[in-house]
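Report on the structure given below.
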Amino acid sequence: MPIKNIPIKIMPLKKLLLVGAGHAHIGLLRRLRGTPLINADITLISEQPQSIYSGMLPGWMAGHYILDDIRIDIAAQCKQAGVHFIQQPIVKIDAKSQRVMTADDYDHSYEVVSLNTGADTDMHWLNNADTNNADTNSVIAIRPLHSFVNQWSQVLATAQRSAHYQLAIIGAGAAAIELVMAAQVALQRIHPNHQVFLICGDVLLAGFNQKFRHRVIKQLNRLGIEVIYERAIAYQNGTLITERASLQQSFLMDAVIAATGVTGAAWTASTASTDIATVDNGFIAVNALQQSVSHNNVFAVGDVATRVDKDVAHSGVHAVHGGAVAADNLLTFMVDQNKPLQSYQPKNRTLYLLSCGDKYAIASWGSVSLQGRWVWYLKRYIDKRFVNAN
Ligand SMILES: Cc1cc2nc3c(=O)[nH]c(=O)nc-3n(C[C@H](O)[C@H](O)[C@H](O)COP(=O)(O)OP(=O)(O)OC[C@H]3O[C@@H](n4cnc5c(N)ncnc54)[C@H](O)[C@@H]3O)c2cc1C
C-alpha cells in the first residue's frame with residue numbers, strides 16, 4: 001500500500017541543562033531513570049564524575065567508611081537516566097544568550113537551566129589580622145569536598161610521621177563539630193599526643209536548643225577536644241592568630257581546617273554581570289518555586305540559592321526537600337511554561353543527626369534531643385539509604 005503523503009511534524013527537543021551534581025540533581029536523575037522525559041535533550045555538567053556525600057564525610061574521616069561508601073557515581077546515574085554527562089566546572093552563565101560557559105572555553109546553550117552547584121567555604125575571616133603575607137593557601141577549606149578528601153589524607157600522612165600533631169578546626173556549626181570529633185578520633189588513633197582544637201567564636205551551635213548544645217559540649221569534653229571561644233583571624237607560618245575583645249593570641253598549629261559556613265559559589269561573581277539576580281555575596285536569588293527572581297527559565301536549589309521570601313538555612317535537608325519540589329517544577333515547566341508551579345514550604349522542625357566521631361550520635365528535632373549509639377546506627381541507615389538509593 002502506498003504511504004499517504006501526511007506531513008510529519010517533528011518537535012524540536014527542548015534543551016535542559018542541569019548544572020552541578022548536588023542533592024537535588026541526584027534526586028532528579030533517580031526520577032528520570034524511572035520515567036524519562038520525552039522531547040527533552042538533557043545534559044548534566046558537573047566538575048567531578050562522582051559526588052561525595054557530606055553527611056558521611058565525618059564517618060569516613062573517623063574510619064567507619066571507605067571512600068567508595070560515601071561517593072555517588074554521577075556519570076553512571078546520568079547514563080541510566082538517559083542524560084548526557086559533561087565533566088567540567090562551569091565558570092559563567094549568560095542568561096541573555098541562554099548559555100553556560102565551562103572552564104574548557106565551551107558554550108552550552110539551554111532553554112531551561114537548573115543550578116545545584118552548592119556553595120563555597122566562607123573564608124572572609126582569614127587575613128583580618130595585621131599580618132603581611134598571610135599563608136592563605138595553607139588553610140584547608142572543607143569545600144569543595146573532593147579536594148578536602150585529598151588534603152585530609154595528607155594530614156593523616158603527616159600526623160603519622162609526627163610525635164605531637166596539632167590541628168585546629170574553625171567553625172561553630174554542626175558540620176564543624178562533626179569534623180572536629182571525627183578528626184580527634186582519627187588523630188588519637190595514630191598517637192595519643194595528637195590534639196584537635198575547635199575555634200568557634202563566641203557561640204557554639206547558634207540556632208540549636210540549649211539541651212542539644214549541652215549534650216554536644218559533653219561529647220567534646222569526653223573526647224578531650226579543646227574548645228577555644230575566640231575568633232580566628234589569620235594563619236601564617238604555622239601560627240594561628242585568634243582574637244577576643246581585640247586581644248590577640250597565637251597558637252602553633254600543624255594544620256587548620258575551615259568549616260566556616262558558606263558564601264556564594266565563585267562562578268556567580270562573573271554571572272552577576274550578566275544579570276541573573278543574586279543576594280548576599282553571590283547566592284542565586286530564588287522565590288518559593290525555586291525559580292530565579294529575574295529569569296523564569298532559571299531554577300536554583302540547595303546551597304547555591306537563597307530564598308528571598310523567607311529564611312531557609314543552607315543545608316542538605318533543604319537541598320533534598322527543596323530539590324524534590326524544584327524537580328517537579330522543572331519537569332512541569334519543560335512541558336508547559338504556563339502551568340502553575342508548586343511552592344517549597346520547609347517544615348518547622350528538621351531532624352539533625354550529629355555524629356560524635358566514635359559511632360555515637362546526638363539527634364535534634366525542634367526542642368527534643370536524644371543521644372546514643374543507636375542514634376549513630378539510625379544515621380548510618382538514613383545516610384546509606386540516600387547514597388545507595390535506586
Ligand atoms: C562535614 C559536613 C557535614 C554535613 N552534614 C549535614 C547533615 O547531616 N545534614 C544537613 O542537612 N546538612 C549537612 N551539611 C551541609 C550540606 O552538606 C550542604 O548543605 C549540602 O551539601 C548542600 O547540597 P547542594 O545540593 O546544594 O550541593 P552540594 O552537595 O554541595 O553539591 C554540589 C555539586 O556541584 C558540583 N559543582 C560545584 N561547583 C561546580 C561548578 N562550578 N561547575 C560544575 N559543578 C560544580 C560539585 O562537584 C557537587 O557535585 C554538612 C556539611 C558538611 C561540610
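Remember, it's 1-based here, ligands and their atoms both numbered in the order they're listed.
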Those atoms of ligand 1 less than 4.0 Å from some heavy atom in Glu178: 3 (C), 5 (N)
Apart from Val91 itself, residues in the same hydrophobic cluster as defined by side-chain heavy atoms under 4.5 Å: Met101
Atom pair CG/CG of Asn237 and Leu252 - distance to nearest 0.5 Å: 11.0 Å
No-hydrogen, no-angle side-chain donor-acceptor test under 3.5 Å, Gln98 and Ser109: no
Value rounded to 0.5 Å, distance of NE2 in His108 from NZ in Lys15: 9.5 Å
Sequence neighbours excluded, every pair satisfying side-chain hydrogen bond (donor to acceptor under 3.5 Å, both in side chains) that has a member inside residues 220-230: Gln219-Arg222, Arg222-Asp358, Glu230-Thr242, Glu230-Gln249
Enumerated ligand 1 atoms positioned under 4.0 Å from heavy atoms of Asn116: 24 (P), 25 (O), 26 (O), 32 (C), 33 (C), 34 (O)
Subset of ligand 1 atoms that lie under 4.0 Å from at least one heavy atom of Gly302: 26 (O)
Val317 N/O to ligand 1 N/O under 3.5 Å: yes
From Leu179, Val301, Ile177 - option closest to atom 1 (C) of ligand 1 by heavy atom: Leu179
Side-chain H-bond candidate by donor/acceptor type, Tyr106 with Gln88, under 3.5 Å: no
Ala21 N/O under 3.5 Å from ligand 1 N/O: yes
Separation between OH of Tyr65 and CD1 of Ile70, rounded to the nearest 0.5 Å: 9.5 Å
Nitrogen or oxygen of His146 less than 3.5 angstrom from that of ligand 1: no
Minimum non-hydrogen distance to atom 39 (C) of ligand 1, winning option of Thr102, Thr117, Thr350, Leu115: Thr117
Check ion pair Asp94-Lys96 (N to O, under 4.0 angstrom): no
Ligand-side contact atoms (ligand 1) for residue partner Ala175, heavy atom cut-off under 4.0 Å: 2 (C), 51 (C), 52 (C)
Pair Gln342, Asp328: side-chain N/O donor-acceptor within cut-off below 3.5 Å: yes
Polar side chain donor-acceptor pair, Asp104 to Thr102, under 3.5 angstrom: yes
Subset of ligand 1 atoms that lie under 4.0 Å from at least one heavy atom of Ile142: 53 (C)
Of the listed options Ile382, Val100, Asp303, closest to atom 18 (C) of ligand 1 (non-hydrogen atoms): Asp303
Polar proximity ligand 1 side, Val304 side, N/O cut 3.5 Å exclusive: no
Selected option - heavy-atom contact closest to atom 20 (C) of ligand 1, from His318, Gln50, Lys379, His23: His23
Nearest candidate to atom 38 (N) of ligand 1, where distance is taken over non-hydrogen atoms, out of His321, Met56, Glu47, Gln48: Glu47
Ligand 1 atoms in contact with Ser315 (distance to a heavy atom under 4.0 Å): 11 (O), 19 (O)
Atoms in ligand 1 with a heavy atom of Trp267 nearer than 4.0 Å: 41 (N)
